[in-house]
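On a predicted model such as this, the values are computed, not experimentally measured, just so you know.
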Amino acid sequence: MVADGQRPAGRPLRAAQDEAGVPPGIWKGRGLAAVGLRAGDVVTERQAELLLGEGRHPDADRMERELLAQGKSPAQARRATVLGRPIEHNRSPETDKAKERTPWLGIDLTFRPPPTAHVAWALGDDETRRELELCQDIARDRTLAWLEDAVAEIRWGSGGKHRKPVRDGLIVAVFRHYESRAAESKPLLHDHAVVSIRARRPDGKGTWGNVSADSLMTHIVAADTLYTLEEVSARLGWAWEPREVTPGSRPVMEIAGIDQRLIGWQSTRRQQIEDALPVLTAKYEEQHGHTPGERAAYALACQAADQTRPPKRTELLSLTELRKRWRTSAIRAYGAGAVDRLAERARALAAAVWARVRPVVDVALAAVDVVAVVYVMRGAFKRHHLLAEARRHLSYVLRGRPHQPGLDDQIVQTVVDDYTRPVGRGLKTTADLRALYPRDIDDQAVLRPLTRHRSLSLYERARLAAGALTARVHAARRADRLGSRPRPHTVAVPALPKPQRRPSRQKLSRSWDQRTDLATVEQTRQTLQAATAKLQDGMRERAAAHGTRPQPTATTEPPPHTQQADSQHTSGRTTGGVE
């Protein structure tokens, strides 16, 4: 609640927040009405103690006084202010599991923008700082609203076997912090959203229970991909571009035009972790005899972060003082030009990025790309895996341009309907290769060398598979446009007047797509052959009479403009990506 500041005993919370240079926490969520709070209200110390520390009503003190005045016993008055099961139950011998003896009353979700947003927020002018903070608010609230509407479930009964959507929504306390825990203070705009585990059940009685924590954690990656600061493009005119952090791994989206050196200046904690990680990895390989897998590598990264975690700083600075210090440090390291022209360069590069980006999303091609990546990386998957990849796809192909709400769900539904099949007895599905290759089942072998290419990383193999399937779809579409069945070499096409310029590629495609009756084609062929024979006889007679050299005989090839259109036709990207 006071960030990394030190709070002496007896000092009021608001005074400690002012000294630490952080704003007070605020309440968020639709569940606030059930406890008499409103969105935007300041989180007081006593409210946090009651709700997040004891699982009781935030206004339990007043309620308890009123119940005591009505003649209720202290135990009855206290029990009436408890939301759900009292935490005293966790300490009783009735608890079956040891982990239940420590009450779990909140989940901390951290919303942190990409490093380039931190840099622009710390080194830009005041207007840029306010716009970026507003974009952070919008992205965070949008993600919390999605968790409330589509993810949050309430559980009750033995083992939590009954699960349904929460009745009112979630109760969330949001605290904003400005800096990282590096040895030297570095900018790190981020929000801690502490979600209360208490929520009302949809049983019509107004009873309280616990939010299913595993449901929230299962969808945390999908929530992370939804949390994007796309409003930056509309408000500041900046675009986004992918940046490879780890070779062979999935790139991250960053603001285009921000000097990459400033990311290293800001991300000192990451460098500390990267310096400690090789030592831990070498110890693991020596102990186990092989390189760490995905889970082991993640555990080693967490261990490196814990080992390099510095203590909290004791110097208290306001945001204005911090921004002055950050600006001075960046100018000293990279010069005033890299700092003063930050916003100008971002706008200039945004124009170049958007000039290459088509603001169109082809749902069918997006579905193929999504199912290929998820299939190669996971094999069997669930809907939330597809949703996360669909949101990554939209972020990549649009580069910050807005899209209509629900487009990610539309892509996922297309994948589920057209390209998946159930696997096993659970709720998981996998890719239906017969649907991806409907015409030639032997072409499924295209995926096998891509998925088994062990010299490449898993993500690189996934991208190769997605490219192969996308090329297949392009080829199928082109065949459909030109006609999938064999056609005669001579097809009657409408004659074009000489004064007109050559028709566009789109018109030619429509003319080729016109279906011609077989009898008409045969009659046309015979007419052309008779005309050609008569023309050749006439040319021979004139050559014999005048002694001139006969001209080359005419052929029955298609008109030149149709051949040119066919040879020049290429299937471009229709997913909104960079051409």
Side-chain angles (χ1 to χ4, degrees), residues 111 113-114 135-152 218-235 237-242 250-256 350 353-354 356-375 377-378 381-420 429 431-432 435-436 462-463 466-467 469-470 473-474 477 571-579:
F111 294 83
C135 294
Q136 166 78 350
D137 293 338
I138 295 173
R140 179 203 62 217
D141 293 346
R142 179 179 62 239
T143 306
L144 288 174
W146 176 75
L147 289 173
E148 282 185 312
D149 297 336
V151 177
T218 298
H219 292 80
I220 200 66
V221 176
D224 176 68
T225 53
L226 177 62
Y227 166 68
T228 56
L229 274 64
E230 61 182 22
E231 288 77 14
V232 168
S233 301
R235 295 181 177 276
W238 296 350
W240 297 83
E241 64 178 356
R250 189 189 301 275
V252 297
M253 300 302 294
E254 299 280 5
I255 299 175
V353 169
W354 284 335
R356 304 192 308 269
V357 173
R358 302 178 63 187
V360 177
V361 176
D362 189 316
V363 175
L365 284 179
V368 171
D369 185 272
V370 167
V371 71
V373 173
V374 177
Y375 168 70
M377 297 194 71
R378 305 195 66 90
F381 45 83
K382 293 186 178 181
R383 186 183 181 90
H384 60 85
H385 298 127
L386 298 172
L387 185 60
E389 190 60 36
R391 289 170 176 172
R392 293 191 187 102
H393 178 87
L394 292 175
S395 176
Y396 176 80
V397 300
L398 294 179
R399 306 295 175 90
R401 292 182 182 272
H403 59 81
Q404 63 269 31
L407 184 57
D408 49 357
D409 288 316
Q410 184 179 352
I411 294 174
V412 172
Q413 193 60 47
T414 302
V415 173
V416 172
D417 293 341
D418 299 340
Y419 302 123
T420 60
T429 58
D432 186 0
L436 292 171
R463 292 309 318 162
L469 291 179
T470 304
V473 174
H474 278 304
R477 286 185 172 184
S571 55
R573 288 179 63 98
T574 56
T575 61
V578 179
E579 292 183 328

Minimum heavy-atom distance between [X] and [Y], given as atom pair plus value:
| X | Y | result |
| --- | --- | --- |
| Val373 | Ala466 | CG2-CB, 4.0 Å |
| Ala239 | Ala350 | N-CB, 3.5 Å |
| Pro242 | Tyr396 | CG-CE1, 3.6 Å |
| Ala390 | Val412 | CB-CG2, 4.0 Å |
| Ala223 | Thr143 | O-CG2, 3.5 Å |

Kindly determine whether Trp240 and Ser233 satisfy side-chain contact (heavy atoms from CB on, under 4.5 Å), including the steps that lead there.
CA-CA 8 Å; Trp240 297 83; Ser233 301; 3.7 Å; yes
Rounded distance (nearest 0.5 Å) linking atom [atom1] of [X] with atom [atom2] of [Y]:
| X | Y | atom1 | atom2 | result |
| --- | --- | --- | --- | --- |
| Leu386 | Asp408 | CG | CG | 11.5 Å |
| His385 | His219 | NE2 | NE2 | 9.0 Å |
| Phe381 | Glu389 | CZ | CD | 11.0 Å |
| Arg391 | Leu226 | CZ | CG | 4.0 Å |
| Tyr227 | Ile138 | OH | CD1 | 12.0 Å |
| Glu231 | Asp137 | CD | CG | 10.5 Å |

Are side-chain heavy atoms of [X] and [Y] found at a separation under 4.5 Å?
| X | Y | result |
| --- | --- | --- |
| Leu398 | His403 | yes |
| Leu394 | Val361 | yes |
| Glu254 | Pro113 | no |
| Leu407 | Val363 | yes |
| Arg392 | Arg250 | yes |
| Leu387 | Asp409 | yes |

Among Val415, Val416, Thr420, Thr429, exactly one meets side-chain contact (heavy atoms from CB on, under 4.5 Å) together with Arg383. Which residue is that?
Val416
So among Val368, Leu365, Asp369, which one has a side-chain contact (heavy atoms from CB on, under 4.5 Å) with Leu469?
Val368
Could you go step by step and tell me if Met253 and Thr228 meet the side-chain contact (heavy atoms from CB on, under 4.5 Å) rule?
CA-CA 9 Å; Met253 300 302 294; Thr228 56; over 6 Å; no
Tell me, please, whether Tyr375 has Arg378 positioned over its six-membered ring: NZ or CZ under 6.0 Å from the ring centre and within 45 degrees of its axis?
no
